[in-house]
Amino acid sequence: MPGEFISVEDVAVLAKIETTYGTDAVPGAATDGLLTNGFTIRPLEAGQADRALDRPGFGADPALLVGSHVQTSFNIEVAGAGAAGDVPAYGQLLRMCGFAETNTPATDTVYDPVSSGFESGTLHAFLKDQKYALTGFRAACGVTLSAQDVPRFNFNGLGLFNAPADGAAPSPDFSAYADPVPVEDAHTEFQLGGVDLPMVSLTIQPGQNVIYENIVNQECVAINGRSYSGSLSVKMDELLATFDPVALARAGTLQSLNLIHGKVAGNIVEISAPAVQLGAPTTGNRNGDRTWEIPLTFTVTDAVDDDIQFAIR
């Protein structure tokens with residue numbers, strides 16, 4: 001008799017900040033569920049140390065598997081926390097990406113990048129009744145916002161290896177998640193350099209450099225750098241006097257970027273960056289209208305660690 005197989009839809013993911021690096025924080029279904037999209041996992045990432053033995057003939061030699069760890073990627077919808085000043089249900093995950101969380105009750109929760117003192121977390125991923133535990137987890141975070149689509153945070157992360165095991169899948173409580181609204185005129189505002197532009201899409205690539213390290217007396221997942229880049233697509237105005245990305249790119253003029261998604265308190269996400277540099281633009285086409293396709297680099301000011309900010313209100 002054939003066994004019961006696992007559907008690609010059979011996924012449950014929990015995540016919780018660790019008190020001690022690499023020690024399972026034991027996330028719970030009632031408080032730590034991640035409402036993911038497109039979840040993938042590579043349960044064994046490893047290198048190979050070749051033994052290259054000398055023998056009196058041809059043939060392959062066995063090798064040693066080294067540096068076993070786990071890689072995962074997934075998306076989470078860009079939405080608020082349910083009420084202004086609440087901490088979003090995905091907030092712990094942003095902290096695992098090298099963001100500091102500042103909560104102002106009844107107002108907002110703000111996530112600013114840091115360059116030291118990184119937090120880590122534990123992920124429990126269930127593929128039906130197979131359990132994969134990733135301890136010491138850290139990740140890189142980006143964002144994709146396209147007109148008439150669901151906006152999403154994009155996460156790529158690494159965790160320490162723990163042997164997979166059979167275990168009953170939990171039923172996470174997702175009641176803390178606000179429903180997203182689509183990226184469109186009724187819900188989204190966008191400005192570059194203080195100018196309202198007809199935005200088609202904004203993609204911010206995951207910016208943290210997340211690596212796995214395993215040397216004597218140290219095994220960890222580390223964030224050892226951060227550099228945010230992305231791309232912007234906007235419709236081309238009739239006059240360059242309104243917006244001239246060629247001139248801005250040639251001059252290297254840094255521009256502020258501000259996107260506010262959502263209009264109702266409790267379901268507002270603001271993405272801001274004070275010093276975005278435009279790369280060489282090209283032209284594109286959307287429904288017969290010309291567009292500007294512009295590479296972006298999110299730079300820091302003298303204040304440092306201010307290249308990007310997420311504010312949940």
Side-chain angles (χ1 to χ4, degrees), residues 5-6 8 10-27 32 34 36 38-75 92-99 113-142 154-167 169 205-229:
F5 300 110
I6 300 176
V8 294
D10 259 323
V11 177
V13 186
L14 312 176
K16 186 177 181 179
I17 290 291
E18 293 174 343
T19 301
T20 303
Y21 180 80
T23 299
D24 197 321
V26 194
D32 304 310
L34 292 183
T36 62
F39 181 85
T40 65
I41 187 168
R42 295 177 65 91
L44 180 59
E45 289 280 285
Q48 182 172 289
D50 294 326
R51 294 176 65 189
L53 300 172
D54 294 325
R55 298 181 185 275
F58 296 156
D61 292 319
L64 301 179
L65 205 64
V66 296
S68 296
H69 60 285
V70 186
Q71 186 272 335
T72 184
S73 64
F74 51 89
N75 309 310
Q92 293 192 89
L93 196 56
L94 291 175
R95 291 164 61 186
M96 297 174 203
C97 295
F99 285 90
V114 295
S115 294
S116 62
F118 303 112
E119 295 184 274
S120 65
T122 296
L123 258 62
H124 287 180
F126 293 82
L127 306 184
K128 197 171 178 62
D129 291 332
Q130 294 182 9
K131 177 183 177 181
Y132 298 85
L134 290 69
T135 51
F137 180 84
R138 290 180 172 129
C141 171
N154 319 123
F155 297 95
N156 298 318
L158 303 175
L160 303 181
F161 178 81
N162 297 273
D166 291 331
Q205 298 295 335
Q208 292 77 9
N209 185 27
V210 181
I211 64 166
Y212 169 77
E213 182 72 284
N214 191 339
I215 58 176
V216 177
N217 288 331
Q218 185 188 63
E219 181 187 16
C220 68
V221 173
I223 298 175
N224 71 351
R226 183 185 69 249
S227 179
Y228 269 104
S229 62

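Quantities reported herein were computed from a predicted structural model and do not represent experimental measurements.
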What are the two closest heavy atoms between [X] and [Y], and how far apart are they?
| X | Y | answer |
| --- | --- | --- |
| Asn156 | Pro206 | ND2-CG, 3.7 Å |
| Ala15 | Leu34 | CB-CD1, 3.6 Å |
| Phe126 | Gly167 | CD2-O, 3.8 Å |
| Cys97 | Ile223 | C-CD1, 3.8 Å |
| Cys141 | Leu94 | SG-CD2, 3.8 Å |

Which residues satisfy the salt bridge (charged side-chain N to carboxylate O under 4.0 Å, His left out) test with Arg226, sequence neighbours excluded? Asp305, Asp307
Can you find a pair of side-chain heavy atoms, one from [X] and one from [Y], that are under 4.5 Å apart?
| X | Y | result |
| --- | --- | --- |
| Phe99 | Leu93 | no |
| Lys16 | Val26 | no |
| Val66 | Gln48 | no |
| Thr72 | Phe39 | yes |
| Leu160 | Tyr21 | yes |

Interatomic spacing from [atom1] in [X] to [atom2] in [Y] - rounded to 0.5 Å:
| X | Y | atom1 | atom2 | result |
| --- | --- | --- | --- | --- |
| Leu123 | Tyr132 | CG | OH | 14.0 Å |
| Thr135 | Asn162 | OG1 | CG | 4.0 Å |
| Ser73 | Ile41 | OG | CD1 | 10.0 Å |
| Ser120 | Arg95 | OG | CZ | 10.5 Å |
| Asn224 | Ile211 | CG | CD1 | 4.0 Å |
| Gln205 | Asn154 | CD | CG | 8.0 Å |

Which residues share a side-chain contact (heavy atoms from CB on, under 4.5 Å) with Ser68, sequence neighbours left out: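 Once residues adjacent in sequence are excluded, the partners of Ser68 under the side-chain contact (heavy atoms from CB on, under 4.5 Å) criterion are Leu44, Ala46, Leu65, Phe161.
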For the residue pair [Y] / [X], report whether a side-chain donor-acceptor contact shorter than 3.5 Å exists.
| X | Y | value |
| --- | --- | --- |
| His69 | Asn214 | no |
| Glu18 | Thr122 | yes |
| Asn75 | Thr36 | no |
| Asp166 | Gln130 | no |
| Tyr212 | Gln71 | no |

Could you tabulate the donor-acceptor pairs under 3.5 Å formed by side-chain atoms of residues 52-64, not counting sequence neighbours?
unit_1: Arg55; atom_1: NE; unit_2: Asp61; atom_2: OD1; d: 2.7
unit_1: Asp61; atom_1: OD2; unit_2: Leu53; atom_2: N; d: 2.9

Would Leu127 and Val11 count as a side-chain contact (heavy atoms from CB on, under 4.5 Å) here? Give the steps. CA-CA 5 Å; Leu127 306 184; Val11 177; 4.1 Å; yes
For His124 and Asp32, run side-chain hydrogen bond (donor to acceptor under 3.5 Å, both in side chains): C-alpha distance rounded to whole Å, both residues' side-chain angles, the deciding distance at 0.1 Å, then the answer. CA-CA 10 Å; His124 287 180; Asp32 304 310; over 6 Å; no
Look at the side chain of Arg138 and the backbone N and O of Glu119, then say whether any donor-acceptor pair between them is shorter than 3.5 Å. yes
Tell me if a side-chain donor or acceptor on Glu213 pairs with a main-chain N or O of Cys220 at a distance below 3.5 Å. no
